[in-house]
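All remarks here apply to the structure that follows.
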There are 2 protein chains.
Amino acid sequence: MSDVAAYSVISPTRIPPHAPPAPGQLSAAARAPQKDGQRCTACSMRSICMPQGLTPAELQRIESFIYPSRTIKQGETIYRANDSFQSIYAVRAGSFKTVVMHRDGREQVTGFHLAGDSLGLDGVCSGRHSCDAMALEDSKVCIIPFHLLEAMCREVKVVQQHLHRMMGGEIVRESSQMMLLGTMSAEQRVATFLLNLSDRLRMRGYSPAEFHLRMTREEIGSYLGIKLETVSRMLSKFQRDGLVDTRGKDIRILDHEGLVNV
Amino acid sequence: MSDVAAYSVISPTRIPPHAPPAPGQLSAAARAPQKDGQRCTACSMRSICMPQGLTPAELQRIESFIYPSRTIKQGETIYRANDSFQSIYAVRAGSFKTVVMHRDGREQVTGFHLAGDSLGLDGVCSGRHSCDAMALEDSKVCIIPFHLLEAMCREVKVVQQHLHRMMGGEIVRESSQMMLLGTMSAEQRVATFLLNLSDRLRMRGYSPAEFHLRMTREEIGSYLGIKLETVSRMLSKFQRDGLVDTRGKDIRILDHEGLVNV
DNA sequence: CGAGTATTTGAGCAATTTCAAAGCGGGTGG
DNA sequence: CCACCCGCTTTGAAATTGCTCAAATACTCG
């Protein structure tokens with residue numbers, strides 16, 4: 001199956017890239033933003049995507065230019081490679097994958113993004129996005145126009161530092177993934193993937209031991225640089241070894257230490 | 001051979017991390033920085049590491065806090081993983097590799113950095129560097145204290161945008177490398193490596209067709225996620241196929257298109 | 001409920017690694 | 001200035017890992 005074809009099937013209702021004066025719904029909502037329950041102040045992800053120590057006035061200023069909750073259906077993209085870069089996004093609910101495509105059509109999942117994670121910084125350098133960001137389930141994102149964020153960074157040091165830490169974090173995360181792809185066996189890659197996901201869920205207050213994968217074996221394999229059959233075999237092996245209990249997409253980690261030592 | 005052991009042999013005179021009031025030489029020089037021929041204005045790498053469109057006053061301000069030329073001998077490190085992050089570095093001459101190490105001792109080359117490239121942004125997120133940066137030959141770097149650069153970013157938009165583009169560029173570069181590591185055959189990896197290096201040399205005004213590798217086959221292999229023997233075999237194969245002429249570390253690209261189509 | 005996906009598992013195969021040995025190269029100390 | 005030595009590189013052969021192809025089974029969403 002061609003992945004290019006798959007895209008057009010999975011994502012028939014691709015969301016167009018948005019210039020600051022966005023059309024329809026968005027623009028209407030943007031004129032009257034902060035509906036209650038959608039304010040950053042009330043957002044459970046706030047500690048992840050916002051800096052600490054803002055004054056109420058600064059907080060209000062940030063809220064004034066964040067569009068606080070756009071819904072993205074499963075399979076839809078927030079942006080695609082080569083779209084003009086205008087905004088970054090904070091995942092408010094749900095999850096996403098980012099996918100880069102090579103000119104020959106080969107593609108690779110470069111990341112999975114959970115609530116609280118940011119998306120879109122790949123567009124900062126060239127002014128165009130370098131990957132597709134697709135929802136793995138029905139999701140919500142906050143939209144943060146980058147030039148307004150940059151303007152605020154020039155005035156508020158903690159906002160600047162927060163942006164720099166986000167970008168720096170992305171750089172470090174990617175080099176860890178390069179190490180995984182460059183040096184680990186298939187078995188270690190899958191173990192690392194599970195542990196990493198478990199950690200991130202724990203940090204968000206979910207159970208680190210039991211969770212539901214929103215992505216397919218193929219997407220996991222792409223992310224890990226192995227084939228989907230290999231992912232499946234490694235999960236089966238972990239099952240036999242009593243490290244995890246897998247039931248399709250439901251995962252239960254039985255032996256955390258065991259996975260670490262794989 | 002243990003790479004840990006190798007480090008202490010190769011790099012017996014490791015340069016200590018520098019707090020802003022740096023000791024000895026650096027501090028002395030820092031008090032009287034811009035020796036002639038070391039000013040950014042006169043630097044051939046200026047177009048790569050500095051933004052366009054600065055006023056003379058702004059340029060002078062940047063120059064006032066950049067320490068313009070520290071020499072790093074082959075095998076020495078500018079910083080190492082876990083060193084406190086204070087500054088970023090612009091390679092003024094020579095070349096570097098960055099290396100991340102896993103807790104089990106496995107290590108991976110995450111990048112090769114030529115004159116004009118930046119180094120050190122991996123420390124922005126956590127305040128500590130996440131990799132080692134080691135000179136592949138006797139080299140020179142400019143030292144840019146990050147908190148001063150951040151301060152200037154708050155005042156001068158083009159400086160801010162330049163920093164953001166540098167960080168964004170790092171993110172995009174790393175995702176390309178993830179794609180290479182995740183989807184390409186050994187043959188394609190080596191071809192891509194040669195073409196990439198060729199491009200970067202061309203952009204710096206050097207011959208894109210003939211160059212000297214400053215790194216070993218082992219370092220190339222680590223960067224590409226393959227073994228040194230495989231690198232060697234692929235180079236021999238390209239030689240047989242008339243794509244390149246290899247004589248040890250001297251490379252001549254004979255058929256650029258051929259490499260692209262590997 | 002049924003079609004189309006997604007997952008699991010097996011068997012054979014291909015690419016890369018591992019292990020081994022020989023050649024080369026250039027830096028250094030005599 | 002030359003010879004020697006150590007590290008780097010090349011090459012071969014055997015071993016291994018993960019891939020490909022194939023088929024059966026399990027899910028999930030209309």
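Since the structure is predicted, the reported quantities are computational estimates derived from the model, not experimental observations. Heavy atoms only: backbone and side chains are in, while hydrogens, waters and symmetry mates are out. Letters A, B, ... mirror the listed sequences (proteins, then strands); counts begin at 1.
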Whole-Å distance separating the CD atom of Glu218(B) from the C1' atom of dG7(D): 11 Å
Rounded distance in Å - NE2 (His212(A)) to P (dT7(C)): 10 Å
d(CZ, Arg247(A); P, dT25(D)) in whole Å: 18 Å
Ring geometry between Tyr79(B) and His129(B) (parallel below 30°, tilted from 30 to 60°, perpendicular above 60°): parallel
Ring centers of Phe211(A), Tyr206(A) separated by less than 6.0 Å: no
Gly111(A) backbone acceptor or donor facing Thr98(A) side chain under 3.5 Å: yes
Check: Ile226(A) and Ile220(A) side chains under 4.5 Å, non-hydrogen atoms: no
Rounded distance in Å - CG (Leu235(A)) to P (dA6(C)): 16 Å
Under 3.5 Å donor-acceptor, Arg80(A) side chain and Ala133(A) backbone: no
Nucleotides 9-21 of chain C: protein proximity per nucleotide (B base, S sugar-phosphate only, - neither; heavy atom, under 4.0 Å): BBB----SBBB--
Rounded interatomic separation in angstrom, taking NZ from Lys249(B) and P from dG26(C): 10 Å
Separation of atom CG in Leu136(A) from atom P in dA6(C), rounded to whole Å: 12 Å
d(CE, Met215(B); P, dG7(D)) in whole Å: 21 Å
pair Ile253(B)-Leu243(B): side-chain heavy atoms closer than 4.5 Å: no
Nucleotide dG26(C), atom C1' - distance to CD of Gln74(B) in whole Å: 12 Å
